[in-house]
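Heavy-atom basis, side chains included; hydrogens, waters and symmetry copies ignored.
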Amino acid sequence: MNFYSHNRHWSDQYLPEIKRIVGAHLIQEAPNELDWHQATDLLMFDARDTRIAARVRRPGYAERYPHQFTVRTASAGGGDTELKKIVNGHGDWMFYGHADASGGIASWTILDLKAFRAGLIRHAHGGYPILYGDKQNADGTKFKWFDIRSFPPEPPLVVARG
């Protein structure tokens with residue numbers, strides 16, 4: 001089994017919990033007027049597709065890097081990377097979670113990728129100093145890490161945390 005298949009199989013076990021967490025932020029209670037007159041109790045957050053990247057880190061990283069998230073910049077297979085896809089305008093949100101030893105998700109953050117792209121643009125033009133760096137795994141996969149706290153306050157990068 002190649003690294004992608006192995007890692008994908010591992011991360012896919014978290015999809016039901018990710019859907020539960022993200023779903024709670026896509027649906028909101030309807031205002032009383034809609035409930036009274038239009039039989040509407042809940043509203044979807046957005047009427048169009050919302051595309052969500054999902055990444056779950058293995059146990060132990062949440063404690064070591066509580067304010068960081070990583071985005072893949074190179075893989076052994078050589079295909080387009082997460083960072084390239086995101087910078088090119090793909091994706092709306094990113095679910096970034098940390099697994100715990102019992103097979104659940106210990107902590108998570110939902111990031112607005114439009115705010116991420118805006119922050120990168122401002123940083124590239126000297127307008128905002130974002131803290132970031134590079135990491136490499138033993139399998140040759142490379143990542144950029146970003147410190148959430150270093151992004152501009154507007155537009156907000158963090159949609160929700162838990």
Side-chain angles (χ1 to χ4, degrees), residues 1-22 24-26 45 49-162:
M1 185 182 309
N2 67 30
F3 286 115
Y4 171 81
S5 296
H6 174 74
N7 288 333
R8 177 69 189 252
H9 178 73
W10 179 84
S11 66
D12 281 355
Q13 71 183 315
Y14 296 97
L15 288 177
E17 190 168 356
I18 292 170
K19 288 192 289 188
R20 181 188 60 76
I21 292 167
V22 172
H25 296 282
L26 292 173
F45 169 73
D49 287 348
T50 298
R51 297 174 187 238
I52 303 162
R55 177 148 165 70
V56 179
R57 300 227 28 209
R58 297 191 190 281
Y61 287 99
E63 297 79 22
R64 290 170 42 203
Y65 308 106
H67 304 291
Q68 289 182 6
F69 66 99
T70 60
V71 181
R72 188 174 295 110
T73 59
S75 65
D80 284 351
T81 65
E82 291 168 321
L83 185 60
K84 181 177 180 179
K85 293 172 194 173
I86 292 168
V87 167
N88 284 337
H90 299 289
D92 299 302
W93 286 0
M94 174 187 274
F95 175 90
Y96 194 83
H98 291 273
D100 62 24
S102 66
I105 295 178
S107 63
W108 54 267
T109 305
I110 299 173
L111 304 168
D112 183 332
L113 294 178
K114 291 181 202 103
F116 175 66
R117 288 186 282 268
L120 292 180
I121 290 168
R122 289 169 75 182
H123 176 77
H125 294 296
Y128 215 89
I130 293 173
L131 298 175
Y132 67 94
D134 296 302
K135 294 282 270 185
Q136 182 171 338
N137 287 345
D139 67 0
T141 303
K142 295 179 182 179
F143 299 87
K144 274 211 183 305
W145 61 263
F146 297 92
D147 189 318
I148 289 172
R149 301 169 298 181
S150 70
F151 277 77
E154 292 297 327
L157 177 65
V158 175
V159 173
R161 288 191 116 143

Exercise. Is the Phe95-Phe69 ring centre distance short of 6.0 angstrom?
Worked result: no

Does the side chain of [X] reach to within under 4.5 Å of the side chain of [Y], using non-hydrogen atoms?
X: Val87; Y: Leu120; value: yes
X: Asp147; Y: Ile130; value: no
X: Val158; Y: Asp112; value: no
X: Pro155; Y: Lys114; value: no

What's the shortest heavy-atom distance between [X] and [Y], and which atoms?
X: Glu63; Y: Pro66; result: O-CD, 3.7 Å
X: Met94; Y: Val71; result: CE-CG2, 4.2 Å
X: Ala62; Y: Ser107; result: CB-OG, 3.8 Å

Any donor-acceptor pair under 3.5 Å from [X] side chain to [Y] backbone:
X: Arg117; Y: Ile86; answer: yes
X: Glu82; Y: Arg72; answer: yes
X: Asp100; Y: Gly103; answer: yes

Exercise. Is any side-chain N of the basic residue among Lys144 and Asp134 closer than 4.0 Å to the acidic one's carboxylate O?
Worked result: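 Asp134 and Lys144: salt-bridged.
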
For this session: Answer yes or no: is there an ion pair linking Arg20 with Glu17, defined by an N-O contact shorter than 4.0 Å?
Result: yes

For this session: Show the numbers, then the answer: is there a side chain to side chain contact (heavy atoms under 4.5 Å, CB included) between Tyr128 and Phe151?
Result: CA-CA 8 Å; Tyr128 215 89; Phe151 277 77; 5.7 Å; no

Problem set entry | Residue pair Phe146, Leu131: steps toward the side chain to side chain contact (heavy atoms under 4.5 Å, CB included) verdict | CA-CA 6 Å; Phe146 297 92; Leu131 298 175; over 6 Å; no

For this session: Indicate whether the side chain of Thr70 and that of Tyr96 have a donor and an acceptor atom separated by less than 3.5 Å.
Result: yes

For this session: I would like to know whether Thr109 and Leu111 meet side chain to side chain contact (heavy atoms under 4.5 Å, CB included); could you show each step before the answer?
Result: CA-CA 6 Å; Thr109 305; Leu111 304 168; 3.5 Å; yes

Nearest 0.5 Å please: distance from the [atom1] atom of [X] over to the [atom2] atom of [Y].
X: Thr50; Y: Leu113; atom1: OG1; atom2: CG; result: 11.0 Å
X: Gln136; Y: Thr73; atom1: CD; atom2: OG1; result: 8.5 Å
X: Asp92; Y: Ile52; atom1: CG; atom2: CD1; result: 8.0 Å
X: Arg57; Y: His98; atom1: CZ; atom2: NE2; result: 6.5 Å

For this session: Under the ring pair (Phe, Tyr, Trp, His ring centres under 6.0 Å) rule, what do His123 and Tyr132 come out as? Steps first, then yes or no, please.
Result: CA-CA 11 Å; His123 176 77; Tyr132 67 94; 5.4 Å; yes

Problem set entry | Evaluation steps, side chain to side chain contact (heavy atoms under 4.5 Å, CB included), between Arg55 and Phe143 | CA-CA 12 Å; Arg55 177 148 165 70; Phe143 299 87; 3.1 Å; yes

